[in-house]
Number of protein chains: 2
Amino acid sequence: MKDVAQLAGVSVKTVSRVVNGEPGASVEVRERVLQAADRLDYRHNLGASTLRRKDSRSGIVGALLQDVGNSFSAGLLRALEDSLRESGLSVLAASLDEEPERERGMVADLVARRADGLVLMPASHRHEYLISEQRAGLPLVFVDRRPHGVDCDSVTVDNRRGAAMAAAHLIAGGHRRVAMLSDLEEIETAQERTAGYRAALKEAGLEFDPALLVPSVRGEHEASTVVTDLLALPDPPTAFLTGRNILTVGAVRALRSAGLSHQVALVGFDDFPMADLVEPALTVIRQDVQRIGTEVGRLLLERLAGDKSAPKHLVLEPSLICRGSGEIARG
Amino acid sequence: MKDVAQLAGVSVKTVSRVVNGEPGASVEVRERVLQAADRLDYRHNLGASTLRRKDSRSGIVGALLQDVGNSFSAGLLRALEDSLRESGLSVLAASLDEEPERERGMVADLVARRADGLVLMPASHRHEYLISEQRAGLPLVFVDRRPHGVDCDSVTVDNRRGAAMAAAHLIAGGHRRVAMLSDLEEIETAQERTAGYRAALKEAGLEFDPALLVPSVRGEHEASTVVTDLLALPDPPTAFLTGRNILTVGAVRALRSAGLSHQVALVGFDDFPMADLVEPALTVIRQDVQRIGTEVGRLLLERLAGDKSAPKHLVLEPSLICRGSGEIARG
DNA sequence: TGTGCTTACGTCAACGTTGACGTATCGAGA
DNA sequence: TCTCGATACGTCAACGTTGACGTAAGCACA
């Protein structure tokens, strides 16, 4: 900037004015400065600018998600990006992979970067450590999972209700033995989903059979194995509810290799792009990812605009998409 | 920092030393400083630090992709993140949506942020504007598409060969009338894919029928319509090659509603998670997204480590994954 | 006892930018 | 002609941090 000023024959302050489009520079000077800047390949230093300015917005929002590679996190990221773009905010995204340490590390990094806000799909269970950041004015929005130990905005889906809807749907199809495969138990959404499953059983007056609820199923392959094992029971389930995307895939594979995909019902939690092309087409509980991301962005922008009201907790309703696999009746 | 220094009864420089883990601070002083920092909720300001330091690495890498919400960009982002993580680099991701203006804007933003490197899946066709940035020392890695007008590292897939493999595979199945649906013509990868398709036809001594090559198909729905229209021709194609993920989906739908999914062959470009669950299972050309992202990260890190050698152009080979839909013989 | 080295600090300026404020010039109006 | 206000600049310090360098104390060794 000093060089530009010298080449243009003005002071640095004038260069600053021109660069920021402030008034107080004649057309002639403006021209000279811009030419000089161009000649010298001058690039504005946003860091220095942010440092000096009063309000000092960095223009960065941190998005700490479970895994930016999976369709849920990715869709969310995309929707968030869109809703923040027009405010000139950029998104720094990271995958936490359910590792609390990484969460802490990334939060520390983003705080040091003076991020304007944080979107968190937390890997940790207690969030007291965020209190001081929030007190310092950092807008915080939790997504998919609720905050514990810090009172801030959140956007979640009613997982309990979603799972209950799914289970009830299966029960309505005449099924009496409905099995459920669930994600890692320490993940809150997984707990809520199993709770919904159990609630639906109770509601229907069915007895809960612990053998039919398999928690902490880790991946597609394990899901496959679990389903196969359950089918081998003396009194096997006639319907399955899978608590997560990849578990659904594993279940489909197992049912198919057992030749039972048209005999055994299946409802999966989370929709995915080709779900209707599978045979039979998959009935799922869908979360509106787009909507979730948009709401998160909206909350964040409101806070950035100065909204000091009490934390808001949006709970969106999931919906049941019937495509066939969930409508297979018993027997 | 000044406050921390005062509370701990030391100079700011000493606080700096403690914060950065530099030697030259006794255990006792270190303790006092850390306590003071804790009491005052002191947060290190990375921006100021970066500004002052000589090498001034911001620790940010920009990833300008087509759409962080689609599985290709998302997978790439994830792999990139992983390979950069251990070097302490964070990824600022943005979706360009094939809009050159957005590309320019984001590049300008990242340059102003003093990003340590840029990963670009460009929306624009000419990249001369990046020359000055590169000359200024900004490591640049293009991905999925080659640079034009600036000489920098790139990681691409041999799209031409991929499409040729697909077409040849169909031709080997006895097909004489193979149709292709392609993405927007101005996208380089789309051009390469159609070129591969034509090359394979020529190689096999088949005449090219312009009616069977439909370029600039925009989305799933349009793809569906196009396939339906092609099937209504007097001499319809017996096999289809779809140039992109969503076009494949559209084609599957059209074939299915025509009741021809087991009579007409189909090979899609790009694999996707449930491709083997579709009926018939989809034969695809797969790009190893993980590998691409990892290589991009590696190239970037090498440049950051000071590698000044000539730009490298990695061209990865796609692979043909046979699952059924592409092995349907003619007739 | 003097010299030199190490350790543990402190002082000062600078990184690139902008807010606050000062000044010179010019034209309008009394 | 003088004053006033607007316009177009310039000067200076400060944002939070760290590199360069200075210094005082302590210790080892000739």
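Just so it is clear: chains get the letters A, B, ... in the order the sequence lines come, proteins before strands, and each one is counted from 1.
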Output all residues satisfying side-chain contact (heavy atoms from CB on, under 4.5 Å) with [X], sequence neighbours left out; order by chain, then residue number.
X: A:D3; value: A:L40
X: B:R102; value: A:R78, A:R85, B:L96, B:D97, B:E99
X: A:S71; value: A:N245

Could you list the residues that satisfy side chain to side chain donor-acceptor pair (under 3.5 Å) with A:S11, not counting sequence neighbours?
->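 So A:S11 forms a side chain to side chain donor-acceptor pair (under 3.5 Å) with A:T14.
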What residues, two or more places apart in sequence or in another chain, satisfy side chain to side chain donor-acceptor pair (under 3.5 Å) together with B:S58?
->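 If we apply the side chain to side chain donor-acceptor pair (under 3.5 Å) test to B:S58, skipping adjacent residues, the hits are B:D116.
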Would you check if the side chain of B:Q134 reaches a backbone N or O of B:P139 as a donor-acceptor pair within less than 3.5 Å?
->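 No, because the side chain of B:Q134 does not come within donor-acceptor range (under 3.5 Å) of the backbone of B:P139.
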N/O donor-acceptor pair under 3.5 Å between B:D38 side chain and B:A36 backbone |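 Checked: no pair found.
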Salt bridge (Lys or Arg N to Asp or Glu O under 4.0 Å) contacts touching residues 139-150 of chain B (sequence neighbours left out) =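 Found B:E98-B:R145.
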All pairs passing ring-ring contact (aromatic ring centres under 6.0 Å, His included) where residues 79-128 of chain A contributes a residue, at least two apart |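 Counting only pairs at least two positions apart or across chains, the ring-ring contact (aromatic ring centres under 6.0 Å, His included) contacts touching residues 79-128 of chain A are A:H127-A:F142.
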Contact list (N/O, under 3.5 angstrom) for nucleotides 24-26 of chain C vs protein:
none

Starting from the first five and the last five pairs of the helix from C:dT1-D:dA30 to C:dA30-D:dT1, work out the angle between the resulting helix axes, to 10 degrees.
->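 Taking five pairs per end, the axes differ by 50°.
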Residues forming a salt bridge (Lys or Arg N to Asp or Glu O under 4.0 Å) with A:R126, sequence neighbours excluded |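 A:R126 satisfies salt bridge (Lys or Arg N to Asp or Glu O under 4.0 Å) with A:E128 once adjacent residues are dropped.
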What one-letter contact string describes nucleotides 13-19 of chain D from 5' to 3', where B marks a base within less than 4.0 Å of any protein heavy atom, S marks contact via sugar-phosphate atoms alone, and - marks no contact?
-> BBBBBBB
Salt bridge between B:R244 and B:D183, side-chain N to carboxylate O under 4.0 Å?
->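 A salt bridge is present here (some side-chain N lies under 4.0 Å from a carboxylate O).
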Ionic contact status for A:R298 with A:D307, cut-off 4.0 Å | no
For DNA chain C, the residues among residues 23-35 of chain A that have a non-hydrogen atom under 4.0 Å from it =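 Going residue by residue through residues 23-35 of chain A, none turns out to have a heavy atom under 4.0 Å of DNA chain C.
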